Amino acid sequence: MSAAFDLAVEHTIGITITPQRRMQERLLEADLDRFQPEQLLKNGALFHEELIKLSNNPYFHTALQRVNQMRRLMEYRAKIDKDRLVEQCTEHLEIIALLERGQVADASYLMRRHLSGALKRKSPIAWSWSEEIVREP
């Protein structure tokens with residue numbers, strides 16, 4: 001039973017991860033200036049949503065979709081940092097590689113570090129925008 005379960009999990013991970021690997025690789029190989037900022041943001045959000053689906057917890061997935069909707073609103077005003085985007089794609093590929101090797105704990109740690117970096121960068125921006133809204137009459 002355990003071997004069958006492991007095989008089913010590996011199959012599910014492969015189905016989810018293979019298209020994400022291809023997308024991240026295409027982004028790294030492409031001229032990022034040819035993409036609309038909305039498409040670049042959508043690709044990043046999709047990566048995280050597809051991975052969270054592996055938890056088989058629909059509440060996690062729904063919560064992340066809502067966070068991504070808010071993030072899109074926040075990032076609508078932000079300038080796309082191409083160097084940061086390359087770094088993010090590279091981190092995404094590292095997470096995928098760990099999952100493919102079955103190193104889930106390591107992938108989790110790297111994802112936590114990846115998200116912490118994003119939070120650190122975006123929190124000051126969000127606070128400055130909220131202060132602007134409060135100051136407006």
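Note that the structure is a prediction, hence the values are computed from the model and not measured.
Qualifying side-chain contact (heavy atoms from CB on, under 4.5 Å) partners for Lys53, counting only residues two or more places apart in sequence or in other chains: Glu50, His61.
For NZ of Lys42, the number of neighbouring non-hydrogen atoms (other residues, nucleotides, ligands) closer than 6.0 Å is 12 at most.
Hydrophobic clustering keeps Ile52 apart from Leu110 (ILVMFWY residues linked when any side-chain heavy atoms are closer than 4.5 Å, directly or through intermediates). Hydrophobic clustering places Leu115 together with Val104 (ILVMFWY residues linked when any side-chain heavy atoms are closer than 4.5 Å, directly or through intermediates).
Without hydrogens or angle criteria, Thr62 side chain to Tyr59 main chain gives no donor-acceptor distance under 3.5 Å.
Of the inter-residue distances, the one linking Ser108 atom OG with Ile95 atom CD1 reads 9.5 Å to the nearest 0.5 angstrom. Atom-to-atom distance recorded for Leu64:CG and Asn57:CG is 11.5 Å, nearest 0.5 angstrom. Annotation: the span from Met23 atom CE to Leu28 atom CG amounts to 12.0 Å, rounded to 0.5 Å.
Here the options are Leu46, Leu93, Leu99, the test is side chain to side chain contact (heavy atoms under 4.5 Å, CB included), and the partner is Gln20; only Leu46 passes.
Looking only at side-chain heavy atoms (C-beta outward), Leu40 and Leu27 come within less than 4.5 Å of each other. Taking the side chain as every heavy atom from C-beta outward, Ile17 and Leu51 approach each other to under 4.5 Å. Looking only at side-chain heavy atoms (C-beta outward), Gln24 and Gln88 stay at 4.5 Å or farther from each other.
Between Phe47 and His92, the two ring planes are parallel [angle under 30°; tilted spans 30° to 60°].
A salt bridge does not link Glu91 with Arg113: every distance from a Lys NZ or Arg NE/NH1/NH2 to an Asp or Glu carboxylate oxygen is 4.0 Å or more. Checked for salt-bridge contact, Arg101 and Asp106 miss the test: no charged N lies under 4.0 Å from a carboxylate O. Between Glu87 and Arg84 there is a salt bridge, since at least one side-chain N of the basic residue sits less than 4.0 Å from a carboxylate O of the acidic one.
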Check: Should His114 and Glu94 be marked as a side chain to side chain contact (heavy atoms under 4.5 Å, CB included) after you check the CA-CA gap, both sets of side-chain angles, and the distance that decides it?
Finding: CA-CA 11 Å; His114 171 74; Glu94 290 171 5; over 6 Å; no
Margin query: Quick one, Thr18 with Ile96, criterion side chain to side chain contact (heavy atoms under 4.5 Å, CB included). Give me CA distance, side-chain angles, the key distance, then yes/no.
Written below: CA-CA 9 Å; Thr18 300; Ile96 288 169; over 6 Å; no
Next item on the list: Take His48 and Val67, measure what side chain to side chain contact (heavy atoms under 4.5 Å, CB included) needs, and give me the verdict at the end.
Entry: CA-CA 11 Å; His48 293 272; Val67 167; over 6 Å; no
